[in-house]
Amino acid sequence: MAAKPLLEEELSCPVCFEIFNYPVSLKCSHSYCKACLEQYWKQKGTRECPICKRKSSVERPPINFTLQKLSDSFKKQLLQRHPDILCSLHSEKLKLFCLADEELVCVVCQNSRKHTNHKLCPVEEAALERKKILENSLESSNKQMETFLQIKKEWEETEAFIKTQVQHAERQIKQEFEKLHHFLRVDEMARIASLREEEKRKSQVMKHKIEDIKRQISSLSDIIRHVQQQITAADVPFLQNYKNKDIRAQCTLQDPEEIPGVLIDVAKHLGNLRYRVWEKMLGIVQYSLVTLDPNTAQTNVALSEDLTSLRYTDKHQLPDNPERFFNRVSTLGYEGFTSGQHYWDVEVGINNDWNIGVAKESIKRKIGIFLNPGEGFWVIGLCNGDTYWAQTSPRTRLHLKRKPQKIRVQLDYDKGRVSFFDSSDMTPIYTFKYTFTEKIFPYFAPGMNNEGRIPNSLRICPVKVSINLE
């Protein structure tokens, strides 16, 4: 193995340092590629050996076929061992790179018709330049890999959070249905108890009536026996007793009275039973015109179990999904509107800071923005417990006669109006006018008090459910 580099050195031209190509030998025993020696002599202007400088009397030195054969044999061996470093056409080392064709070439290929007028550069230079390109690409790929790994981690956390959401929602569903089941069981027992009470009362009436008629039957039996005895008596005694009116009166008793309403009022217990149970259920259920969307809630917002109230809280871990607010402590309603009239009442209580209103679907949720129509918000709010603002640009100061406990938000999508009222007497507070072109969602932002310790809360007021029969 150690002899191969030496052999390659012996078979290399001292001028071009490549394996001999058409080698010629001078009388001084030094050998060169034919083209290399001719080029050297042309540049020097004299025929001398490039190594020993001895003058050559021969203008065209003959080809050394023995050396040529050895060189060709070595090239074939080298090509077999390293097919990627020698030209497949000329068996020369690939020392140049064609920038036009993006391929490796040898010194013979350089002068071929295929690469005429093409710009070439040394392999080392081309490799260095392209390695730099790949290094930049690698750096970009590494950064992208970091991003992908971070996203993968976030997505795995999101997947785990989805399971948590399902478990929590399933638990809530079971609790709500258990409340309904409990109500139905209690109502069922109450209705059965009412049925049993009616049975007991009417059965008692029938028992008294049956006892009365038993006594009458007993009396009537005695009368019948007595009359039968009279009938079997001799004629003279019979006729003597028959004149007695009392005996004849005993033969007739008053018929039993009819008993109205003694049967069970089945219709009362079964008539429209499902409807009446459902009607009674209205007393334990509530309906909210707006349901809060927990997937939009910023990490400092805590929502109630029934998704109708929200408050400021310590930051908790939540997936940073596209719908969620990142900076602003806010939440959207779950259902958006693209037409029609809609309203909902929000209980703001004694809170010192809050903002409520509506926002368009395309609002920016990951950066801090101003709450004004230009950013897609139509909102009013309270600041520091004493200053009300309509979040216009610039803000509009609102002067209210009293501090409202409930605010009504009224959206007329088609007319492009968002109005706010004091729910207690429907006193107007402020109205925005705008032409809506996309889905609009209810918007809520609870605040903190001045000391930052007691969290404020906002609650969407339930509406009374009524039944209309047609």
Side-chain angles (χ1 to χ4, degrees), residues 282-293 297 301-312 329-337 339-359 371-373 377-392 395-434 436 440-449 454-468:
L282 294 179
I284 66 167
V285 298
Q286 292 184 333
Y287 181 77
S288 177
L289 294 172
V290 172
T291 300
L292 300 173
D293 186 356
V301 175
L303 305 184
S304 61
E305 297 288 356
D306 61 359
L307 304 179
T308 61
S309 65
L310 66 160
R311 62 180 177 83
Y312 183 90
V329 182
S330 306
T331 305
L332 295 180
Y334 174 71
E335 184 180 8
F337 310 108
S339 63
Q341 297 181 1
H342 311 273
Y343 77 90
W344 54 93
D345 291 325
V346 183
E347 184 178 296
V348 296
I350 58 173
N351 296 336
N352 291 324
D353 295 275
W354 48 261
N355 284 287
I356 58 174
V358 299
L371 297 178
N372 59 53
F377 295 87
W378 295 267
V379 170
I380 68 168
L382 173 64
C383 182
N384 297 325
D386 57 4
T387 309
Y388 293 90
W389 298 95
Q391 301 291 3
T392 54
R395 294 191 301 175
T396 301
R397 178 76 176 269
L398 302 177
H399 301 281
L400 306 184
K401 293 182 179 180
R402 61 176 177 270
K403 187 174 184 178
Q405 302 298 300
K406 295 180 182 179
I407 302 289
R408 171 162 295 188
V409 183
Q410 188 166 292
L411 168 66
D412 189 330
Y413 188 99
D414 301 321
K415 292 185 178 180
R417 291 184 179 180
V418 182
S419 301
F420 300 85
F421 304 88
D422 183 336
S423 297
S424 63
D425 58 5
M426 295 304 292
T427 299
I429 297 176
Y430 191 80
T431 296
F432 290 92
K433 295 181 180 180
Y434 193 84
F436 301 118
I440 300 297
F441 288 83
Y443 174 82
F444 307 89
M448 297 167 43
N449 70 347
I454 303 174
N456 293 327
S457 64
L458 300 174
R459 186 175 75 95
I460 302 164
C461 301
V463 295
K464 186 177 180 180
V465 181
S466 61
I467 302 174
N468 294 321

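All figures in this text were calculated on a predicted structure; none of them were measured in a lab.
- Pro442 approaches Trp344 most closely through the heavy-atom pair CB-CZ2, 3.6 Å.
- Listed by chain and number, the residues in a ring-ring contact (aromatic ring centres under 6.0 Å, His included) with Tyr413 are Phe436 (sequence neighbours excluded).
- Put simply, CD1 on Ile440 and CZ on Phe337 are 10.0 Å apart, with the number rounded to the nearest 0.5 Å.
- With sequence neighbours left out, the side-chain hydrogen bond (donor to acceptor under 3.5 Å, both in side chains) criterion links Glu347 to Arg459.
- In this view, Ala359 and Leu332, Ile363, Phe377, Tyr443 satisfy the side chain to side chain contact (heavy atoms under 4.5 Å, CB included) rule, not counting sequence neighbours.
- Scanning for side-chain hydrogen bond (donor to acceptor under 3.5 Å, both in side chains) contacts around Thr387 gives an empty result, with sequence neighbours left out.
- To the nearest 0.5 Å, the span separating OG on Ser330 from CG on Asn355 amounts to 8.0 Å.
- For the side chain to side chain contact (heavy atoms under 4.5 Å, CB included) test, residues two or more places apart in sequence or in another chain that qualify with Gln341 are Asp412.
- In this structure, Phe420 has no ring-ring contact (aromatic ring centres under 6.0 Å, His included) partners at least two apart in sequence or on a different chain.
- Rounding to the nearest 0.5 angstrom, the gap separating the OH atom in Tyr388 from the CZ atom in Arg397 is 11.0 Å.
- In this structure, OG1 on Thr396 lies 11.5 Å from CD1 on Ile380, to the nearest 0.5 angstrom.
- With rounding to the nearest 0.5 Å, the separation of NZ in Lys464 from CD in Gln286 is 12.5 Å.
- For the atom pair CG (Leu411) and CZ (Arg417), the distance works out to 12.0 Å, reported to the nearest 0.5 Å.
- Under the side chain to side chain contact (heavy atoms under 4.5 Å, CB included) criterion, Asp293 pairs with Asn295, Thr296, Tyr334, not counting sequence neighbours.
- Evaluated for a side-chain contact (heavy atoms from CB on, under 4.5 Å) with Gln405, the options Ile350, Val348, Asn351 yield exactly one hit, Ile350.
- The two residues Leu382 and Asn352 have their closest heavy-atom pair at CG-O, 3.4 Å.
- Shortest non-hydrogen contact noted between Pro428 and Phe421 is CA-CD2, 3.6 Å.
- Contacts of Thr331 classified as side-chain hydrogen bond (donor to acceptor under 3.5 Å, both in side chains), with partners at least two apart in sequence or in another chain: none.
- For residues 401-410, the pairs satisfying salt bridge (Lys or Arg N to Asp or Glu O under 4.0 Å) are Asp345-Arg408, Arg402-Asp422, Arg402-Asp425, with sequence neighbours left out.
- Phe441 and Gly336 get closest at one heavy-atom pair: CE2-N, 3.4 Å.
- Between Phe432 and Val358 there is no side-chain heavy-atom pair separated by less than 4.5 Å.
- In this structure, the side-chain hydrogen bond (donor to acceptor under 3.5 Å, both in side chains) partners of Ser309, at least two apart in sequence or on a different chain, are Ser304.
- Considering Leu303, Val301, Val379, Ile460 as possible partners of Phe444, the one that fulfils the side-chain contact (heavy atoms from CB on, under 4.5 Å) test is Ile460.
- Here the closest non-hydrogen pair linking Trp378 and Pro373 is NE1-CB, 3.5 Å.
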